[in-house]
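Notes to accompany the following structure.
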2 protein chains.
Amino acid sequence: MNNMKETIRSVSVELFFKKGYFATSISDIANGCGIQKASIYHHYASKEELLFSILKGTMDDLTDCLKASLANSDNVEQQMRAAVRSHVRFHLERQKETFIANSELRGLTSEHHKIIVQKRNEYERIFQNLIHEGSEKGVFSKGDVKILSYAILTLCTAGATWFKPDGRLPIEEIAAIYDGFIISGLKQNI
Amino acid sequence: MNNMKETIRSVSVELFFKKGYFATSISDIANGCGIQKASIYHHYASKEELLFSILKGTMDDLTDCLKASLANSDNVEQQMRAAVRSHVRFHLERQKETFIANSELRGLTSEHHKIIVQKRNEYERIFQNLIHEGSEKGVFSKGDVKILSYAILTLCTAGATWFKPDGRLPIEEIAAIYDGFIISGLKQNI
DNA sequence: GTTTCCCTAACGTCCGGTCGGTAGAATTTT
DNA sequence: AAAATTCTACCGACCGGACGTTAGGGAAAC
(Lines give C-alpha, C1' and ligand atoms only; values in the text may rest on other atoms or scores of the structure.)
Protein backbone atom coordinates (compact mmCIF):
# COMPACT_ATOMS: atom_id res chain seq x y z
CA MET A 1 0.00 0.00 0.00
CA ASN A 2 1.47 3.37 -0.93
CA ASN A 3 -1.25 5.49 0.58
CA MET A 4 0.32 6.47 3.86
CA LYS A 5 -2.83 8.03 5.28
CA GLU A 6 -4.61 4.70 4.90
CA THR A 7 -1.67 2.86 6.38
CA ILE A 8 -1.68 5.11 9.43
CA ARG A 9 -5.37 4.50 9.84
CA SER A 10 -5.15 0.75 9.68
CA VAL A 11 -2.08 0.53 11.89
CA SER A 12 -3.89 2.71 14.43
CA VAL A 13 -6.95 0.48 14.36
CA GLU A 14 -4.73 -2.50 15.00
CA LEU A 15 -2.94 -0.85 17.92
CA PHE A 16 -5.97 0.85 19.47
CA PHE A 17 -7.71 -2.50 19.42
CA LYS A 18 -4.81 -4.37 20.98
CA LYS A 19 -3.50 -1.87 23.51
CA GLY A 20 -6.14 0.82 23.78
CA TYR A 21 -6.10 4.43 22.65
CA PHE A 22 -4.32 5.95 25.63
CA ALA A 23 -1.77 3.17 25.84
CA THR A 24 -0.88 3.61 22.18
CA SER A 25 1.62 6.37 21.49
CA ILE A 26 2.16 8.27 18.29
CA SER A 27 5.61 6.67 18.17
CA ASP A 28 4.01 3.24 18.28
CA ILE A 29 1.88 4.11 15.29
CA ALA A 30 4.75 5.70 13.38
CA ASN A 31 6.83 2.66 14.12
CA GLY A 32 4.16 0.36 12.75
CA CYS A 33 4.05 2.45 9.58
CA GLY A 34 7.81 2.59 9.17
CA ILE A 35 7.98 6.37 9.38
CA GLN A 36 8.94 8.99 11.98
CA LYS A 37 6.33 10.14 14.43
CA ALA A 38 6.48 13.75 13.24
CA SER A 39 5.35 12.55 9.82
CA ILE A 40 2.03 11.45 11.23
CA TYR A 41 1.13 15.11 11.60
CA HIS A 42 1.35 15.67 7.89
CA HIS A 43 -1.73 13.45 7.53
CA TYR A 44 -3.61 14.03 10.76
CA ALA A 45 -3.74 17.17 12.85
CA SER A 46 -3.63 15.34 16.15
CA LYS A 47 -3.92 11.96 17.80
CA GLU A 48 -7.49 12.75 18.74
CA GLU A 49 -8.42 13.60 15.15
CA LEU A 50 -7.04 10.26 14.08
CA LEU A 51 -9.28 8.53 16.58
CA PHE A 52 -12.25 10.60 15.56
CA SER A 53 -11.83 9.86 11.86
CA ILE A 54 -11.78 6.13 12.64
CA LEU A 55 -14.91 6.34 14.79
CA LYS A 56 -16.80 8.55 12.39
CA GLY A 57 -16.07 6.38 9.37
CA THR A 58 -17.06 3.27 11.27
CA MET A 59 -20.32 4.70 12.51
CA ASP A 60 -21.26 5.94 9.03
CA ASP A 61 -20.56 2.58 7.47
CA LEU A 62 -22.49 0.85 10.23
CA THR A 63 -25.58 2.94 9.62
CA ASP A 64 -25.32 2.55 5.86
CA CYS A 65 -25.15 -1.21 6.24
CA LEU A 66 -28.24 -1.27 8.42
CA LYS A 67 -30.29 0.93 6.11
CA ALA A 68 -29.32 -1.12 3.08
CA SER A 69 -30.40 -4.35 4.78
CA LEU A 70 -33.78 -2.93 5.77
CA ALA A 71 -34.68 -1.81 2.28
CA ASN A 72 -35.48 -5.31 1.06
CA SER A 73 -38.62 -5.84 3.12
CA ASP A 74 -41.45 -4.06 4.82
CA ASN A 75 -42.45 -6.86 7.14
CA VAL A 76 -41.53 -5.92 10.73
CA GLU A 77 -40.32 -9.30 11.84
CA GLN A 78 -38.30 -9.78 8.67
CA GLN A 79 -36.85 -6.33 9.11
CA MET A 80 -35.89 -6.99 12.71
CA ARG A 81 -34.22 -10.22 11.70
CA ALA A 82 -32.37 -8.43 8.93
CA ALA A 83 -31.38 -5.65 11.31
CA VAL A 84 -30.01 -8.04 13.89
CA ARG A 85 -28.05 -9.95 11.29
CA SER A 86 -26.67 -6.79 9.77
CA HIS A 87 -25.66 -5.56 13.20
CA VAL A 88 -23.94 -8.82 14.13
CA ARG A 89 -22.25 -9.20 10.78
CA PHE A 90 -20.84 -5.71 10.83
CA HIS A 91 -19.57 -6.05 14.39
CA LEU A 92 -17.83 -9.34 13.67
CA GLU A 93 -16.50 -8.49 10.23
CA ARG A 94 -15.12 -5.19 11.39
CA GLN A 95 -14.51 -6.30 14.91
CA LYS A 96 -11.54 -4.09 15.67
CA GLU A 97 -13.13 -0.86 14.53
CA THR A 98 -16.42 -1.50 16.29
CA PHE A 99 -14.63 -2.52 19.44
CA ILE A 100 -12.77 0.78 19.41
CA ALA A 101 -15.96 2.66 18.63
CA ASN A 102 -17.51 1.19 21.75
CA SER A 103 -14.65 1.55 24.15
CA GLU A 104 -12.64 4.61 23.24
CA LEU A 105 -15.25 7.36 23.22
CA ARG A 106 -13.50 8.91 26.17
CA GLY A 107 -10.54 9.81 24.03
CA LEU A 108 -12.62 12.31 22.05
CA THR A 109 -13.00 16.04 22.55
CA SER A 110 -16.46 16.95 23.77
CA GLU A 111 -17.56 18.22 20.35
CA HIS A 112 -16.43 15.07 18.62
CA HIS A 113 -17.92 13.00 21.40
CA LYS A 114 -21.25 14.68 20.82
CA ILE A 115 -21.15 13.89 17.11
CA ILE A 116 -20.45 10.20 17.62
CA VAL A 117 -23.06 9.83 20.33
CA GLN A 118 -25.59 11.46 18.05
CA LYS A 119 -24.80 9.01 15.27
CA ARG A 120 -25.18 6.16 17.74
CA ASN A 121 -28.52 7.51 18.91
CA GLU A 122 -29.81 7.66 15.34
CA TYR A 123 -28.73 4.09 14.84
CA GLU A 124 -30.45 2.99 18.04
CA ARG A 125 -33.62 4.76 17.07
CA ILE A 126 -34.01 2.55 14.02
CA PHE A 127 -34.11 -0.48 16.29
CA GLN A 128 -36.44 1.22 18.74
CA ASN A 129 -38.84 2.08 15.93
CA LEU A 130 -38.86 -1.54 14.81
CA ILE A 131 -39.58 -2.78 18.33
CA HIS A 132 -42.33 -0.21 18.72
CA GLU A 133 -43.93 -1.01 15.40
CA GLY A 134 -43.70 -4.74 16.06
CA SER A 135 -45.35 -4.52 19.44
CA GLU A 136 -48.07 -2.22 18.08
CA LYS A 137 -48.88 -4.78 15.40
CA GLY A 138 -48.86 -7.61 17.92
CA VAL A 139 -45.89 -9.32 16.31
CA PHE A 140 -43.77 -8.69 19.39
CA SER A 141 -44.98 -8.57 22.96
CA LYS A 142 -45.30 -5.28 24.77
CA GLY A 143 -42.28 -4.18 26.72
CA ASP A 144 -39.99 -1.34 27.57
CA VAL A 145 -38.73 -0.25 24.14
CA LYS A 146 -35.56 1.44 25.32
CA ILE A 147 -34.41 -1.35 27.58
CA LEU A 148 -35.16 -3.91 24.91
CA SER A 149 -33.26 -1.97 22.27
CA TYR A 150 -30.25 -1.62 24.54
CA ALA A 151 -30.45 -5.32 25.25
CA ILE A 152 -30.49 -6.24 21.58
CA LEU A 153 -27.74 -3.87 20.57
CA THR A 154 -25.33 -4.50 23.39
CA LEU A 155 -25.89 -8.20 22.99
CA CYS A 156 -24.54 -8.16 19.46
CA THR A 157 -22.03 -5.41 20.09
CA ALA A 158 -20.47 -7.49 22.82
CA GLY A 159 -19.73 -10.09 20.19
CA ALA A 160 -16.87 -7.87 19.13
CA THR A 161 -15.36 -8.44 22.57
CA TRP A 162 -14.94 -12.17 22.48
CA PHE A 163 -15.19 -13.06 18.78
CA LYS A 164 -12.19 -14.84 17.27
CA PRO A 165 -12.14 -14.67 13.46
CA ASP A 166 -10.78 -18.20 13.17
CA GLY A 167 -12.89 -19.63 15.97
CA ARG A 168 -15.29 -22.56 15.89
CA LEU A 169 -18.26 -20.82 14.34
CA PRO A 170 -18.53 -18.76 11.17
CA ILE A 171 -20.10 -15.33 11.35
CA GLU A 172 -23.32 -16.37 9.65
CA GLU A 173 -23.94 -19.06 12.23
CA ILE A 174 -23.43 -16.68 15.12
CA ALA A 175 -25.75 -14.21 13.45
CA ALA A 176 -28.38 -16.94 13.17
CA ILE A 177 -28.07 -17.82 16.88
CA TYR A 178 -28.49 -14.21 17.91
CA ASP A 179 -31.35 -13.77 15.49
CA GLY A 180 -33.26 -16.70 16.99
CA PHE A 181 -32.48 -15.71 20.55
CA ILE A 182 -33.59 -12.13 20.11
CA ILE A 183 -36.75 -12.80 18.13
CA SER A 184 -37.97 -15.29 20.71
CA GLY A 185 -37.09 -12.81 23.44
CA LEU A 186 -39.21 -10.22 21.68
CA LYS A 187 -42.07 -12.64 21.19
CA GLN A 188 -42.30 -13.94 24.74
CA ASN A 189 -45.89 -14.99 25.59
CA ILE A 190 -46.99 -14.73 21.96
CA MET B 1 -14.46 8.24 56.91
CA ASN B 2 -11.07 8.06 58.61
CA ASN B 3 -9.80 5.00 56.83
CA MET B 4 -7.62 6.49 54.15
CA LYS B 5 -7.07 3.22 52.31
CA GLU B 6 -10.82 2.90 51.79
CA THR B 7 -11.06 6.52 50.72
CA ILE B 8 -8.37 6.03 48.12
CA ARG B 9 -10.18 2.99 46.83
CA SER B 10 -13.52 4.70 46.47
CA VAL B 11 -12.10 7.88 44.98
CA SER B 12 -10.24 5.71 42.46
CA VAL B 13 -13.40 3.82 41.54
CA GLU B 14 -15.13 7.12 40.95
CA LEU B 15 -12.34 8.48 38.76
CA PHE B 16 -11.58 5.28 36.87
CA PHE B 17 -15.26 5.06 36.04
CA LYS B 18 -15.54 8.64 34.91
CA LYS B 19 -12.24 9.18 33.12
CA GLY B 20 -10.73 5.75 32.67
CA TYR B 21 -7.70 4.17 34.31
CA PHE B 22 -5.03 5.60 32.02
CA ALA B 23 -6.53 9.04 31.97
CA THR B 24 -6.60 9.16 35.76
CA SER B 25 -3.33 10.20 37.38
CA ILE B 26 -2.11 9.46 40.88
CA SER B 27 -2.27 13.19 41.50
CA ASP B 28 -5.94 13.18 40.54
CA ILE B 29 -6.62 10.49 43.09
CA ALA B 30 -4.54 12.14 45.80
CA ASN B 31 -6.33 15.39 45.08
CA GLY B 32 -9.71 13.71 45.49
CA CYS B 33 -8.55 12.30 48.84
CA GLY B 34 -7.10 15.59 50.06
CA ILE B 35 -3.58 14.21 50.47
CA GLN B 36 -0.28 14.35 48.58
CA LYS B 37 0.37 11.81 45.88
CA ALA B 38 3.38 10.38 47.69
CA SER B 39 1.03 9.34 50.48
CA ILE B 40 -0.86 7.06 48.14
CA TYR B 41 2.20 4.84 48.06
CA HIS B 42 1.96 4.29 51.78
CA HIS B 43 -1.26 2.37 51.15
CA TYR B 44 -0.73 0.87 47.70
CA ALA B 45 2.51 -0.22 46.11
CA SER B 46 1.62 1.08 42.67
CA LYS B 47 -1.17 2.42 40.54
CA GLU B 48 -1.56 -1.00 38.99
CA GLU B 49 -1.93 -2.67 42.38
CA LEU B 50 -4.66 -0.23 43.23
CA LEU B 51 -6.51 -1.20 40.08
CA PHE B 52 -5.95 -4.87 40.73
CA SER B 53 -7.28 -4.70 44.28
CA ILE B 54 -10.46 -3.07 43.00
CA LEU B 55 -10.94 -5.67 40.29
CA LYS B 56 -10.16 -8.62 42.51
CA GLY B 57 -12.51 -7.50 45.27
CA THR B 58 -15.28 -6.90 42.78
CA MET B 59 -14.90 -10.27 41.11
CA ASP B 60 -14.86 -12.10 44.43
CA ASP B 61 -18.00 -10.36 45.61
CA LEU B 62 -19.67 -11.02 42.27
CA THR B 63 -19.02 -14.75 42.50
CA ASP B 64 -20.09 -14.90 46.16
CA CYS B 65 -23.36 -13.20 45.26
CA LEU B 66 -24.06 -15.67 42.50
CA LYS B 67 -23.31 -18.72 44.61
CA ALA B 68 -25.48 -17.47 47.44
CA SER B 69 -28.41 -16.92 45.12
CA LEU B 70 -28.14 -20.41 43.63
CA ALA B 71 -28.21 -22.18 46.99
CA ASN B 72 -31.96 -21.70 47.46
CA SER B 73 -33.11 -24.03 44.72
CA ASP B 74 -32.14 -27.08 42.74
CA ASN B 75 -34.55 -26.54 39.87
CA VAL B 76 -32.60 -25.56 36.75
CA GLU B 77 -34.98 -22.95 35.44
CA GLN B 78 -35.37 -21.39 38.86
CA GLN B 79 -31.61 -21.37 39.25
CA MET B 80 -31.09 -19.73 35.89
CA ARG B 81 -33.63 -17.08 36.73
CA ALA B 82 -31.93 -16.49 40.07
CA ALA B 83 -28.54 -16.36 38.39
CA VAL B 84 -29.66 -13.80 35.84
CA ARG B 85 -31.23 -11.63 38.48
CA SER B 86 -28.19 -11.86 40.73
CA HIS B 87 -25.98 -10.92 37.80
CA VAL B 88 -28.11 -7.97 36.79
CA ARG B 89 -28.56 -6.74 40.34
CA PHE B 90 -24.87 -6.83 41.08
CA HIS B 91 -23.95 -5.04 37.88
CA LEU B 92 -26.43 -2.27 38.45
CA GLU B 93 -25.92 -1.87 42.19
CA ARG B 94 -22.18 -1.77 41.84
CA GLN B 95 -22.18 -0.26 38.41
CA LYS B 96 -18.94 1.66 38.63
CA GLU B 97 -16.85 -1.21 39.85
CA THR B 98 -18.25 -3.70 37.36
CA PHE B 99 -17.83 -1.23 34.55
CA ILE B 100 -14.17 -0.87 35.46
CA ALA B 101 -13.81 -4.62 35.81
CA ASN B 102 -15.04 -5.00 32.25
CA SER B 103 -13.13 -2.20 30.61
CA GLU B 104 -9.83 -1.75 32.36
CA LEU B 105 -8.33 -5.21 32.24
CA ARG B 106 -5.64 -3.85 29.96
CA GLY B 107 -4.19 -1.83 32.79
CA LEU B 108 -3.12 -4.98 34.62
CA THR B 109 0.20 -6.76 34.58
CA SER B 110 0.04 -10.09 32.82
CA GLU B 111 0.03 -12.07 36.07
CA HIS B 112 -2.77 -10.02 37.54
CA HIS B 113 -4.58 -10.15 34.24
CA LYS B 114 -4.41 -13.92 34.32
CA ILE B 115 -5.88 -14.03 37.82
CA ILE B 116 -8.86 -11.86 36.94
CA VAL B 117 -9.56 -13.69 33.70
CA GLN B 118 -9.50 -16.96 35.60
CA LYS B 119 -12.04 -15.66 38.09
CA ARG B 120 -14.21 -14.53 35.22
CA ASN B 121 -13.95 -17.93 33.58
CA GLU B 122 -15.05 -19.67 36.76
CA TYR B 123 -18.00 -17.34 36.96
CA GLU B 124 -18.94 -18.00 33.34
CA ARG B 125 -18.67 -21.74 33.86
CA ILE B 126 -21.47 -21.64 36.40
CA PHE B 127 -23.77 -20.20 33.74
CA GLN B 128 -22.54 -22.64 31.13
CA ASN B 129 -23.26 -25.55 33.44
CA LEU B 130 -26.77 -24.29 34.01
CA ILE B 131 -27.40 -23.96 30.28
CA HIS B 132 -25.99 -27.41 29.67
CA GLU B 133 -28.02 -29.02 32.43
CA GLY B 134 -31.14 -27.23 31.30
CA SER B 135 -30.83 -28.34 27.71
CA GLU B 136 -30.04 -31.92 28.77
CA LYS B 137 -33.23 -32.01 30.81
CA GLY B 138 -35.23 -30.50 27.98
CA VAL B 139 -36.05 -27.37 29.93
CA PHE B 140 -34.05 -25.26 27.50
CA SER B 141 -33.61 -25.88 23.80
CA LYS B 142 -30.34 -27.23 22.46
CA GLY B 143 -27.85 -24.63 21.39
CA ASP B 144 -24.24 -23.57 21.46
CA VAL B 145 -23.54 -23.35 25.19
CA LYS B 146 -20.60 -20.96 24.96
CA ILE B 147 -22.23 -18.50 22.63
CA LEU B 148 -25.41 -18.54 24.69
CA SER B 149 -23.51 -17.97 27.92
CA TYR B 150 -21.61 -15.06 26.41
CA ALA B 151 -24.88 -13.67 25.16
CA ILE B 152 -26.53 -13.87 28.57
CA LEU B 153 -23.60 -12.46 30.48
CA THR B 154 -22.68 -9.62 28.17
CA LEU B 155 -26.32 -8.71 27.90
CA CYS B 156 -26.56 -8.02 31.60
CA THR B 157 -23.04 -6.74 31.94
CA ALA B 158 -23.73 -4.11 29.34
CA GLY B 159 -26.38 -2.77 31.66
CA ALA B 160 -23.56 -1.19 33.62
CA THR B 161 -22.80 0.88 30.52
CA TRP B 162 -26.04 2.73 30.17
CA PHE B 163 -27.74 2.34 33.56
CA LYS B 164 -28.56 5.54 35.39
CA PRO B 165 -29.23 4.98 39.13
CA ASP B 166 -31.99 7.60 39.17
CA GLY B 167 -33.47 6.66 35.82
CA ARG B 168 -36.99 5.62 34.97
CA LEU B 169 -36.85 2.02 36.08
CA PRO B 170 -35.77 0.48 39.39
CA ILE B 171 -33.19 -2.28 39.36
CA GLU B 172 -35.68 -5.02 40.16
CA GLU B 173 -37.78 -4.14 37.16
CA ILE B 174 -34.80 -4.22 34.82
CA ALA B 175 -33.78 -7.56 36.29
CA ALA B 176 -37.26 -8.89 35.61
CA ILE B 177 -37.16 -7.74 31.98
CA TYR B 178 -33.82 -9.42 31.40
CA ASP B 179 -34.99 -12.53 33.20
CA GLY B 180 -38.00 -12.86 30.90
CA PHE B 181 -36.05 -12.04 27.79
CA ILE B 182 -33.31 -14.55 28.49
CA ILE B 183 -35.50 -17.43 29.62
CA SER B 184 -37.64 -17.17 26.52
CA GLY B 185 -34.48 -16.97 24.42
CA LEU B 186 -33.28 -20.17 26.04
CA LYS B 187 -36.62 -21.88 25.55
CA GLN B 188 -37.13 -21.07 21.88
CA ASN B 189 -39.18 -23.76 20.12
CA ILE B 190 -40.13 -25.39 23.42
C1' DG C 1 8.89 26.58 -8.69
C1' DT C 2 5.55 25.20 -5.92
C1' DT C 3 3.53 21.40 -3.54
C1' DT C 4 3.88 16.90 -1.41
C1' DC C 5 5.87 13.99 1.82
C1' DC C 6 8.89 12.78 4.97
C1' DC C 7 13.02 13.77 7.89
C1' DT C 8 15.95 15.32 12.29
C1' DA C 9 15.82 17.81 16.34
C1' DA C 10 13.90 19.75 19.89
C1' DC C 11 10.27 21.62 23.30
C1' DG C 12 7.44 21.88 27.31
C1' DT C 13 4.61 19.14 30.06
C1' DC C 14 3.08 15.63 32.83
C1' DC C 15 3.44 11.12 34.78
C1' DG C 16 4.49 7.22 38.01
C1' DG C 17 7.39 6.62 41.44
C1' DT C 18 11.31 7.59 45.06
C1' DC C 19 13.62 9.87 48.85
C1' DG C 20 14.46 11.74 53.17
C1' DG C 21 12.17 13.49 56.70
C1' DT C 22 8.60 14.70 60.49
C1' DA C 23 4.97 14.69 63.98
C1' DG C 24 2.69 11.94 66.88
C1' DA C 25 0.77 7.65 68.57
C1' DA C 26 1.86 3.14 70.33
C1' DT C 27 4.82 0.00 72.31
C1' DT C 28 8.70 -1.61 74.82
C1' DT C 29 12.47 -1.08 78.05
C1' DT C 30 14.29 0.49 82.19
C1' DA D 1 6.08 6.10 85.67
C1' DA D 2 9.55 7.83 82.73
C1' DA D 3 12.44 7.21 78.98
C1' DA D 4 13.68 5.05 74.74
C1' DT D 5 12.32 3.00 70.72
C1' DT D 6 9.48 1.70 66.95
C1' DC D 7 5.57 2.26 63.92
C1' DT D 8 2.01 4.82 61.29
C1' DA D 9 0.56 8.21 58.22
C1' DC D 10 1.74 11.71 55.78
C1' DC D 11 4.51 15.61 53.29
C1' DG D 12 7.48 18.45 49.84
C1' DA D 13 10.90 18.09 46.58
C1' DC D 14 12.57 15.77 43.08
C1' DC D 15 13.86 12.10 39.08
C1' DG D 16 14.11 10.03 34.70
C1' DG D 17 11.55 9.27 31.06
C1' DA D 18 7.81 9.34 27.83
C1' DC D 19 4.42 11.85 25.63
C1' DG D 20 2.02 14.88 22.01
C1' DT D 21 3.33 18.39 19.27
C1' DT D 22 6.07 21.95 16.61
C1' DA D 23 9.84 24.03 13.74
C1' DG D 24 12.48 23.91 9.95
C1' DG D 25 14.58 21.69 6.22
C1' DG D 26 15.44 18.62 2.15
C1' DA D 27 14.41 15.80 -1.74
C1' DA D 28 11.45 14.38 -5.14
C1' DA D 29 7.12 14.83 -7.91
C1' DC D 30 4.18 17.66 -10.54
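On a predicted model such as this, the values are computed, not experimentally measured, just so you know. The chains referred to below are lettered A, B, ... by the order of the sequence lines, with proteins before strands, and numbering in each begins at 1.
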Self-check item: Between A:His87 and A:Phe127, ring centroids under 6.0 Å
Solution: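 They qualify: ring centres under 6.0 Å apart.
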Quiz item: Minimum heavy-atom separation for B:Glu173 to B:Leu169, with atom names?
Solution: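 Looking at all heavy atoms of both residues, the shortest contact is OE2-CD2, 3.4 Å.
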Quiz item: What closest approach, in Å, do A:Ser53 and A:Tyr44 show between heavy atoms, and which atom pair accounts for it?
Solution: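 Taking every non-hydrogen atom into account, OG-CE2, 3.7 Å.
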Quiz prompt | Residue B:Ile26, side-chain heavy atoms: nucleotide from C:dG16, C:dC7, D:dT21 that is nearest | solution =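 Selected nucleotide (nearest to the side chain): C:dG16.
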Self-check item: Given D:dA9, D:dC11, C:dC7, the nucleotide with the shortest approach to the side chain of A:Ala38
Solution: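 Among D:dA9, D:dC11, C:dC7, the one nearest the side chain of A:Ala38 is C:dC7.
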Quiz item: How far apart are the C-alpha atoms of B:Glu122 and B:Lys67, what are their side-chain angles, what is the distance that settles it, and do they pass the salt bridge (Lys or Arg N to Asp or Glu O under 4.0 Å) test?
Solution: CA-CA 11 Å; B:Glu122 284 169 23; B:Lys67 286 182 177 162; 5.6 Å; no
Rounded distance (Å) that lies between atom [atom2] of [N] and atom [atom1] of [X]:
X: B:Met4; N: D:dC7; atom1: CE; atom2: C1'; value: 18 Å
X: A:Tyr44; N: D:dT22; atom1: OH; atom2: P; value: 17 Å
X: B:Phe22; N: C:dC14; atom1: CZ; atom2: P; value: 20 Å
X: B:Tyr41; N: D:dG12; atom1: OH; atom2: P; value: 17 Å
X: A:Glu48; N: D:dT21; atom1: CD; atom2: P; value: 9 Å
X: A:Ile40; N: D:dT21; atom1: CD1; atom2: C1'; value: 12 Å
X: A:Ile35; N: C:dT4; atom1: CD1; atom2: P; value: 17 Å
X: B:Phe16; N: C:dG16; atom1: CZ; atom2: P; value: 9 Å

Self-check item: Closest-nucleotide ordering on DNA chain C, the 5'-leading residue of B:Ser46 and A:His42
Solution: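 It is A:His42 whose nearest nucleotide is closer to the 5' end.
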Quiz item: Does A:Glu124 pair with A:Lys119 as a salt bridge, N-O distance under 4.0 Å?
Solution: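 Answer for the salt bridge query: no.
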Quiz item: If you take atom types as modelled and just measure distance, does the side chain of A:Lys37 reach the base of D:dG20 with a donor-acceptor pair under 3.5 Å?
Solution: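 Yes, the side chain and the base share a sub-3.5 Å donor-acceptor pair.
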Practice problem: Using a 4.0 Å heavy-atom cut-off across all strands, classify B:Gln36 as base, sugar-phosphate, or nothing. | Solution: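 Sugar-phosphate: the residue B:Gln36, judged by heavy atoms under 4.0 Å, touches backbone atoms but no base.
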Exercise. Would you tell me if any nitrogen or oxygen in the side chain of B:His43 comes within less than 4.0 Å of OP1 or OP2 on D:dC10?
Key: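 Yes.
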Quiz item: Counting just side-chain N and O atoms, does A:Ser39 come under 4.0 Å of either OP1 or OP2 of C:dC7?
Solution: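 Yes.
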Quiz item: A:Ser149 and A:Gln128: side-chain donor and acceptor closer than 3.5 Å?
Solution: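 A pair is found: one side chain offers a donor N or O, the other an acceptor, under 3.5 Å apart.
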Quiz item: Hey, are the side chains of B:Ile100 and B:Leu55 touching, using non-hydrogen atoms and a 4.5 Å cut-off?
Solution: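 Side chain of B:Ile100 against side chain of B:Leu55, heavy atoms only: contact under 4.5 Å found.
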Quiz prompt | Stems involving DNA chain D, each a run of at least 3 consecutive Watson-Crick or G-U pairs under 3.5 Å | solution =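 In DNA chain D, stems of three or more pairs: C:1-30 with D:1-30.
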